[in-house]
Amino acid sequence: MVMKINKKIYILLLFIFISTNLSSCWNYREINDMSIVSGVAIDKGGTDGKYEVTVELIDIQQGKDVNMHSKYITLSGNTMFEISRNMIALIGKKLYWSHSKSIIISEDIARDGISGILDWYSRDAETRTDARILVSKENTAKEVLKSKPVTENYTSFELSKLLKNEDTLSNIPVVDLWDILDTLAQDGLSTWLPTVKINKNNDDNILQVDGSAIFSKDKLIGCIDENSTKNILFAKDKVNGGLLVLDKESESTITFEIFKNKTTIKPSIENGNLQFNIYTDTTVSLDEIQSDYEFYTEEGKNELENELSDMLQKSIYSSIKRIQSEYGADILGFGAKLNEDNPATWNDVKDDWDKIFKTLTISVNSKVNIKNSAVTSKPIKVGD
C-alpha cells in the first residue's frame with residue numbers, strides 16, 4: 001500500500017515538474033536586453049581591407065505616443081562574427097538578427113567574394129536565410145542603408161517591400177540567402193543579385209532597385225540593366241508579370257501587360273554540337289496605344305502578335321549572347337539543365353563548362369498571344 005502511494009506521489013511530482021518547464025520559453029529574453037536588427041550594409045573598411053558593417057536597428061521610444069525610427073551602428077573587423085560580437089560591447093545589448101530583412105553589399109566587397117559573409121550568416125543560430133541580398137551601385141552600401149525611407153519606418157523594410165513589388169514586375173531577380181547558398185552548391189549555375197541605387201527627387205532620396213549584378217562563383221564580374229535582366233528572366237522562366245513595350249517607330253509605341261509566361265529549355269545535340277533551344281509562350285493584354293494603328297481588326301491583331309513575338313525573340317537572344325560573350329557566367333542554368341536532362345553528356349563537358357558556355361549555340365522561339373477585350377475597341381481620336 002505504501003509502495004502504491006509513493007508511486008502516485010512520484011508520478012504527480014514528475015507531472016508538476018514537466019508542466020512547469022513546458023509552460024515557459026527555454027530561451028526567453030527581455031526585449032529591453034536586445035537590439036533588433038532590421039538590415040545590414042557591408043563595405044570594405046578603408047585601406048586595411050577589413051569588413052565595415054553598418055546595422056540598422058529598430059529604435060522604439062515609448063511615451064504618450066510610440067515613436068519608431070532607425071538607429072545606426074558601424075563597426076569594422078576582420079570577420080563578420082567578430083564584428084557582431086564586438087557590437088554587443090559597443091551598444092551594451094545583444095543584437096537580435098531574426099528580423100533582418102535586407103543585406104546590402106558594396107561592389108568592392110562583392111568583387112572580392114561574398115562567401116565569407118554568407119558563411120557567417122548561414123551558420124549563426126539567430127540569423128535567417130530568407131533575408132534579401134542586394135548589391136549597392138553607390139560608392140558604399142552604408143549610404144543606401146542610411147538613406148531616408150519614404151513609405152516605411154525603416155530602410156530595410158522599404159527595400160523588402162520594393163523587392164516584393166518588383167517580383168511581380170519581373171525587372172530584377174529577387175534573391176534571398178538560401179537561393180545563393182543553393183546556387184553556389186550546384187554545378188552549371190552561376191549567381192546573380194539585384195542592384196540598388198539612390199535617385200535624387202527634390203529633397204528625397206528614393207531607393208530604386210534596377211538591373212542585376214553577375215557573379216562568377218562568389219565574385220562580382222559585372223552588371224546588366226533592367227531590360228537585359230527582364231530578357232534573362234524570360235529565358236529562366238521567372239517572369240510573373242510586368243510590361244512589354246513595342247516601339248513601332250513612325251506609329252509610336254504600344255504597351256502590353258504580361259498575364260502569364262511559360263518558358264521551356266531543351267538541350268540537344270545537332271551534328272555532334274551541343275545547343276540549347278528556348279521556347280517562350282506569353283499571354284499579354286493591350287494596355288496603352290499611342291497611334292492610329294488598326295489593332296482592332298483580326299489582321300491588325302495578328303500583325304501585332306507577330307511583331308511582338310519577333311521583338312521578344314530578338315531581345316532574349318541578344319541578352320543571352322551578351323552574357324555569354326562579356327561575362328561567361330551561366331546565370332541561365334544551362335549546365336544544371338543539361339545535368340538534369342542528360343547526365344552522361346554533362347559528365348563529359350562539366351570540367352570545361354566555363355569555356356563551352358561562352359560558345360554554345362542558342363536558338364530562341366517566342367510566341368505572344370494578345371487576349372483581352374481592349375483589342376476590339378478602336379483607338380481614341382481627337383477631332384480637329
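Note: hydrogens, waters and symmetry copies are ignored here, and every other heavy atom, side chains too, is used. Each residue takes its place number in the sequence, starting with 1.
Annotation: side chain of Thr155 is in contact with side chain of Leu207 (closest heavy-atom distance under 4.5 Å). Glu107 has its side chain within reach of Leu220: a pair of non-hydrogen atoms, C-beta onward, lies under 4.5 Å apart. Residues Ile331 and Thr191 form no side-chain contact, since every pair of their non-hydrogen atoms from C-beta on lies 4.5 Å or further apart. Between Ile58 and Tyr96, every side-chain heavy-atom pair lies at or beyond the 4.5 Å cut-off. Within the 4.5 Å cutoff, side-chain heavy atoms of Met87 are placed close to those of Val55.
A donor-acceptor contact shorter than 3.5 Å links the side chain of Ser84 to the backbone of Phe81. Formation of a donor-acceptor pair under 3.5 Å by the Ser106 side chain with backbone atoms of Thr140 is not found in this model. Distance alone, capped at 3.5 Å, places no donor-acceptor pair between the Asp341 side chain and the Leu338 backbone. Put simply, the side chain of Asn302 gets close to the backbone of Glu298: a donor and an acceptor are under 3.5 Å apart. For Asp310 (side chain) and Asn306 (main-chain N/O), no donor-acceptor pair under 3.5 Å exists by modelled atom type. Although no hydrogens or angles enter the test, the distance criterion places a donor-acceptor pair under 3.5 Å between the side chain of Ser122 and the main chain of Leu118. Put simply, the side chain of Ser156 gets close to the backbone of Ser38: a donor and an acceptor are under 3.5 Å apart. For Ser170 (side chain) and Asn240 (main-chain N/O), a donor-acceptor pair under 3.5 Å exists by modelled atom type. Judged by distance alone, with hydrogens and angles left aside, the side-chain atoms of Glu82 form a donor-acceptor pair with the main-chain N or O of Asn78 at under 3.5 Å. Of the possible polar contacts, none joining the Asn273 side chain to the Ile269 backbone as a donor-acceptor pair under 3.5 Å is found.
A side-chain hydrogen bond (donor to acceptor under 3.5 Å, both in side chains) with Glu56 holds for exactly one of Ser70, Ser100, Ser102; it is Ser70. Checked against Thr54 for a side chain to side chain contact (heavy atoms under 4.5 Å, CB included), the options Ile42, Thr74, Ile104 give a single hit: Thr74. The side chain to side chain contact (heavy atoms under 4.5 Å, CB included) test with Leu134 singles out one residue from Leu159, Leu193, Thr195, and that residue is Leu159.
Following chains of ILVMFWY side-chain contacts shorter than 4.5 Å, one can reach Ile370 starting from Ile258, so the two form part of one hydrophobic cluster. Clustering ILVMFWY residues whenever any of their side-chain heavy atoms sit less than 4.5 angstrom apart, transitively, puts Val174 in a cluster other than the one holding Phe215. Note on Ile265 and Ile316: same hydrophobic cluster, where clusters join Ile, Leu, Val, Met, Phe, Trp and Tyr whose side-chain heavy atoms are under 4.5 Å apart, directly or indirectly. Side-chain heavy atoms closer than 4.5 Å link hydrophobic residues (I, L, V, M, F, W, Y) into clusters, and following such links, possibly through other members, connects Val364 to Leu312.
How far CD of Glu138 is from CD1 of Ile198: 4.5 Å, rounded to the nearest 0.5 Å. Once rounded to the nearest 0.5 Å, the distance linking NZ of Lys358 with CD of Glu326 reads 12.0 Å. Distance check: Ile278 CD1 to Leu332 CG gives 6.5 Å after rounding to the nearest 0.5 Å. The structure places CD1 of Ile109 at 10.5 Å from CD1 of Ile114, a figure rounded to the nearest 0.5 Å. Expressed to the nearest 0.5 Å, how far CD of Glu305 lies from NZ of Lys301 amounts to 4.0 Å. Within the model, atoms CG of Asp287 and CG of Leu243 stand 6.5 Å from one another, a figure rounded to the nearest 0.5 Å.
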Side chain to side chain contact (heavy atoms under 4.5 Å, CB included) between Phe357 and Val349, worked out
CA-CA 10 Å; Phe357 172 75; Val349 301; over 6 Å; no
Set out, in order, the CA-CA distance, both residues' side-chain angles and the distance that settles side chain to side chain contact (heavy atoms under 4.5 Å, CB included) for Met80 and Val53, then state yes or no. CA-CA 8 Å; Met80 294 292 295; Val53 177; 3.7 Å; yes
Report task. Check the pair Asn277 / Asn365 against side chain to side chain contact (heavy atoms under 4.5 Å, CB included), numbers first and verdict last. Result -> CA-CA 8 Å; Asn277 308 295; Asn365 187 292; over 6 Å; no
- [ ] Take Ile73 and Ile91 through the side chain to side chain contact (heavy atoms under 4.5 Å, CB included) test and state the conclusion after the steps.
- [x] CA-CA 8 Å; Ile73 301 293; Ile91 63 177; 3.7 Å; yes
request  = Show your reasoning for whether side chain to side chain donor-acceptor pair (under 3.5 Å) applies to Ser366 and Thr280.
outcome  = CA-CA 5 Å; Ser366 295; Thr280 66; 2.8 Å; yes
*asked:* Pair Asn369, Asp281 - check side chain to side chain donor-acceptor pair (under 3.5 Å), show working.
replied: CA-CA 8 Å; Asn369 304 293; Asp281 190 351; 3.1 Å; yes
### Message
Could you go through Thr229 and Asn227, starting from their C-alpha distance and side-chain angles, then the distance that decides it, and tell me whether this counts as side chain to side chain donor-acceptor pair (under 3.5 Å)?
### Response
CA-CA 5 Å; Thr229 299; Asn227 289 327; over 6 Å; no
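Among residues two or more places apart in sequence or in another chain, the salt bridge (charged side-chain N to carboxylate O under 4.0 Å, His left out) test is passed with Glu257 by none. When the salt bridge (charged side-chain N to carboxylate O under 4.0 Å, His left out) test is applied to Asp187, no partner is found at least two apart in sequence or on another chain. Under the rule for a side chain to side chain donor-acceptor pair (under 3.5 Å), the partners of Gln186 that lie at least two apart in sequence or sit in another chain are Asp182. Every salt bridge (charged side-chain N to carboxylate O under 4.0 Å, His left out) that Asp210 has, sequence neighbours left out, goes to Lys197. In terms of the ring pair (Phe, Tyr, Trp, His ring centres under 6.0 Å) criterion, residue partners of Phe334 (sequence neighbours excluded) are, by chain and number, Phe276. The side chain to side chain contact (heavy atoms under 4.5 Å, CB included) test applied to Ile221 returns Ile214, Ser216, Tyr327, Ala329, not counting sequence neighbours. Judged as a salt bridge (charged side-chain N to carboxylate O under 4.0 Å, His left out), and not counting sequence neighbours, the contacts of Glu52 are Lys142. With sequence neighbours excluded, no residue forms a side chain to side chain donor-acceptor pair (under 3.5 Å) with Lys355.
Members clustered with Leu169: none, using a 4.5 Å side-chain heavy-atom cutoff among hydrophobic residues.
Sorted by first and then second residue, the pairs that involve residues 155-182 and meet ring pair (Phe, Tyr, Trp, His ring centres under 6.0 Å), not counting sequence neighbours, are Tyr154-Phe157. Within the structure, the salt bridge (charged side-chain N to carboxylate O under 4.0 Å, His left out) test picks out the following pairs touching residues 213-241 (sequence neighbours left out): Asp237-Lys262.
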Name every donor-acceptor pair, under 3.5 Å, that has one atom in a side chain of residues 144-151 and the other anywhere in the protein, sequence neighbours excluded.
unit_1: Ser147; atom_1: OG; unit_2: Val144; atom_2: O; d: 2.7
unit_1: Thr151; atom_1: OG1; unit_2: Glu158; atom_2: OE1; d: 2.9

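A cation-pi contact, defined as under 6.0 Å to the ring centre and within 45° of the axis, links Lys266 to Tyr279.
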